[in-house]
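We're numbering straight along the sequence, starting at 1.
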Amino acid sequence: MSKEAAFIQVGALSEGFAPDSDILDCTNALTGKKYQLNLIEKRQYEDVFFPADQQIEWHGAVVDCRISSIRKEVYFVNFQSPEDWRVGIVIILNELEGHCVMVQGRLPVEADIRISAFSKIEQNLPLTDVKIDIHFGTLRNNQGRIPGYTSELIGMRNMYTYNPKERYEHVYLNEQFYAWHCLDGVEKGLADVDRCHYIKVSDNLYLFIWREKIIPTLGIILIDLAVMRTDGGIMGYQDQACRAVSLFPVGAHATILNKTNYPNND
């Protein structure tokens, strides 16, 4: 009988992904640019400025960020909030179509992590302790198409190769959950079903967000099915002490293994 697979902290996961990682290069295309994000649901604006390469001015503070571009004039901006070290922020800027998505995810405090799954069910609480806020908006003074949630990925079983030793498969089950399975790598043999969110950014381009319940983890990636690539970041605690955050970039080559189409239940 093979050794039972064990869950690991996000810090250890980042070490497995790092060697020969297939992440995209950063871009300096936003340096010197300013944007006003018109967030529809919040009915407010967020002003962002990129004063230097891989830096963003956010709420008056200049912090380091990672800026990449999986598709022309579409940018993935990822950084840790200067106001709360447990909060990670992703901004998707689609200059070509004039819209944006802002995602703010917050890792739980240690006391919440240690509440059992059974107790959470008894209290009608979500199994994952990772909190998230998702906002859609425009860039050009209320012009442009607004992104939104989508069901277009549901039914797909995709494989993602992050480096020569790290491969995962995703099965997009329904509008709230997906299954992940590590085929090769530091989590080989592990699998679970976790809460997720699907957003359509453009044709064949999706923002996929997941929130894990065993090890508090927030994953946010762009999936470009036109070029079969992904780009994004994963955030979680460095170790069991829950005193430091690991926020690291990820990128993969994508393969669609199959697609399940369910018959109508009429």
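Side-chain contact check for Ile209 versus Ile199: some heavy-atom pair is nearer than 4.5 Å. In this structure, the side chains of Ile91 and Phe79 come closer than 4.5 Å at one or more pairs of heavy atoms. The shortest distance between side-chain heavy atoms of Glu83 and Trp58 falls below 4.5 Å. When side chains are defined from C-beta on, Leu205 does not count as touching Asn94, because their heavy atoms never get closer than 4.5 Å. Between Leu107 and Tyr237, the closest side-chain pair of non-hydrogen atoms falls below 4.5 Å. Contact of the Gln80 side chain with the Trp85 side chain is registered, since non-hydrogen atoms from C-beta on lie closer than 4.5 Å. Looking at Asp192 and Trp180, their side chains come closer than 4.5 Å, going by heavy atoms from C-beta outward. No side-chain heavy atom of Ile221 sits under 4.5 Å from any side-chain heavy atom of Phe76.
Within 6.0 Å of NZ in Lys259 there are more than 12 heavy atoms belonging to other residues, nucleotides or ligands. Within 6.0 Å of CD in Gln44 there are more than 12 heavy atoms belonging to other residues, nucleotides or ligands. Around the CG atom of Asp203, the shell of radius 6.0 Å holds no more than 12 heavy atoms that belong to other residues, nucleotides or ligands. Environment of CD in Glu73: crowded, with over 12 heavy atoms of neighbouring residues, nucleotides or ligands closer than 6.0 Å. For Lys33, the NZ atom is densely surrounded, since the number of other residues' heavy atoms within 6.0 Å is greater than 12.
To the nearest 0.5 Å, atom CD of residue Gln176 and atom CD1 of residue Ile154 are 10.0 Å apart. How far CG of Leu225 is from CG of Leu222: 11.0 Å, rounded to the nearest 0.5 Å. Taken from CD1 in Ile223 to CG in Asn204, the straight-line distance is 11.5 Å, to the nearest 0.5 Å. Between Met159 atom CE and Met228 atom CE the span is 9.5 Å, to the nearest 0.5 Å. With values rounded to the nearest 0.5 angstrom, Met156 atom CE is found 11.0 Å from Leu257 atom CG. The structure places CE of Met235 at 13.0 Å from OG of Ser14, a figure rounded to the nearest 0.5 Å.
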Begin from the C-alpha positions of Asp22 and Arg229 and carry the test salt bridge (charged side-chain N to carboxylate O under 4.0 Å, His left out) through to its verdict. CA-CA 10 Å; Asp22 199 20; Arg229 288 292 303 267; 3.8 Å; yes
Would Phe50 and Thr31 count as a side-chain contact (heavy atoms from CB on, under 4.5 Å) if you check the C-alpha gap in whole Å, the side-chain angles of each, and the deciding distance to 0.1 Å? CA-CA 5 Å; Phe50 299 93; Thr31 302; 5.6 Å; no
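The pair Lys213-Asp194 meets the salt-bridge criterion, with a side-chain N (NZ, NE, NH1 or NH2) lying under 4.0 Å from an Asp/Glu carboxylate O.
A salt bridge (Lys or Arg N to Asp or Glu O under 4.0 Å) with Asp129 is found for exactly one of Arg195, Lys120, Arg211, Arg106, namely Lys120. Remark: of the listed residues Ser69, Ser68, Pro249, Ser68 is the sole one forming a side chain to side chain contact (heavy atoms under 4.5 Å, CB included) with Asp231.
There is no side-chain donor-acceptor pair under 3.5 Å between Asp47 and Tyr45. Inspection of the Tyr168 and Glu187 side chains reveals an N or O donor paired with an N or O acceptor under 3.5 Å. For Tyr172 and His170, the side-chain atoms include at least one donor-acceptor pair closer than 3.5 Å.
Tyr198 has its ring centre less than 6.0 Å from the ring centre of Phe208.
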